[in-house]
Amino acid sequence: MGRQFFIGGNFKMNGSAKSVTEIIDNLNKAKIDENAEVVIAPPSLYLLLAREHLRKGIEVAAQNVFDKPNGAFTGEISAQQLKESGITWTLIGHSERRVILQEDDAFVASKTKAALDGGLGVILCCGESLEQREAGKTIEVVTNQLKAVADKVKDWSKIVIAYEPIWAIGTGKVATTEQAQEVHAAIREWLKKEVSSEAAEKTRILYGGSVTEKNSSELAKQADIDGFLVGGASLKPAFVDIINSNSA
């Protein structure tokens with residue numbers, strides 16, 4: 001049994017109650033690959049709206065979670081609060097939070113452990129900047145980000161890794177299929193060496209970074225690409241085509 005294809009839709013800070021409802025209606029009516037696991041991550045204000053109206057079989061993710069169960073942490077949401085509300089996944093470590101909000105590897109790892117302990121699945125994001133890629137440090141940067149998590153988490157069965165080269169997010173630039181596959185293969189090799197052979201075999205590694213319906217089918221053919229974390233394209237009807245790209 002191969003790894004189940006996984007597609008995440010990260011809406012980021014986009015949408016309104018009306019547009020999110022329209023996206024959900026489109027997903028509910030669409031014919032989508034029954035073998036694919038699909039998760040959407042709307043802004044936190046619309047998490048319950050999404051969960052209430054989405055059809056069974058499509059899950060909802062938060063875009064962020066805090067690493068404490070409760071307390072005086074204004075503006076934050078805990079894993080327990082998400083779980084209680086029927087939200088089963090969370091994104092953690094997206095480059096926009098690492099770069100704009102200065103979340104370091106240790107904090108990302110702490111949040112990952114808290115989310116897993118709270119019963120959530122984690123879409124763990126990693127990726128390098130253009131400067132780091134040009135300096136030949138891609139694998140070093142990505143595996144260091146993952147190592148911080150491995151230092152705190154031993155069970156990776158509820159983690160999906162999303163490799164997102166920062167230089168390709170929202171820029172229209174896409175890593176070539178060879179570039180993406182190379183990093184995915186290196187991540188899998190790292191998992192085998194640093195976590196376990198089972199984690200290497202079973203952990204799904206997604207590609208993210210200007211994924212569209214035009215490039216998703218070719219990327220999906222790569223041996224170590226197990227799906228996508230989609231940004232802007234998840235707000236469009238063509239998101240359905242990306243979901244179905246592994247069955248095309």
If you define the side chain from C-beta out and look only at heavy atoms, does anything of [X] sit under 4.5 Å from [Y]?
X    : Y    : value
E96  : L91  : no
T176 : Q181 : no
S157 : K202 : no
I77  : S44  : yes
I58  : I32  : yes
P42  : I23  : no
F5   : S245 : yes

Minimum heavy-atom distance [X]-[Y], with the two atoms named:
X    : Y    : value
A150 : V195 : CB-CG2, 4.4 Å
Y207 : A168 : OH-CB, 3.9 Å
A180 : A175 : N-CB, 4.2 Å

When you measure from the side chain of N215 to the backbone of T212, do you find a donor-acceptor pair of N or O atoms at a distance under 3.5 Å? yes
Does any N or O in the side chain of R55 come within less than 3.5 Å of the main-chain N or O of N28, such that one atom is a donor and the other an acceptor? yes
Taking atom [atom1] of [X] as the centre, does the number of heavy atoms from other residues, nucleotides or ligands within less than 6.0 Å exceed 12?
X    : atom1 : answer
E194 : CD    : yes
K154 : NZ    : yes
K192 : NZ    : no
E76  : CD    : yes

What do the steps show when you test D25 against K29 for salt bridge (Lys or Arg N to Asp or Glu O under 4.0 Å), and what is the final call? CA-CA 6 Å; D25 285 344; K29 292 171 186 168; 5.3 Å; no
According to the interplanar angle, ranging from 0 to 90°, do the rings of H184 and Y163 count as parallel (below 30°), tilted (30 to 60°) or perpendicular (above 60°)? perpendicular
Does a salt bridge link E213 with K236, judged by any charged N lying under 4.0 Å from a carboxylate O? no
Please determine if D226 and R188 form a salt bridge, counting it only when a charged side-chain N lies under 4.0 Å from a carboxylate O. yes
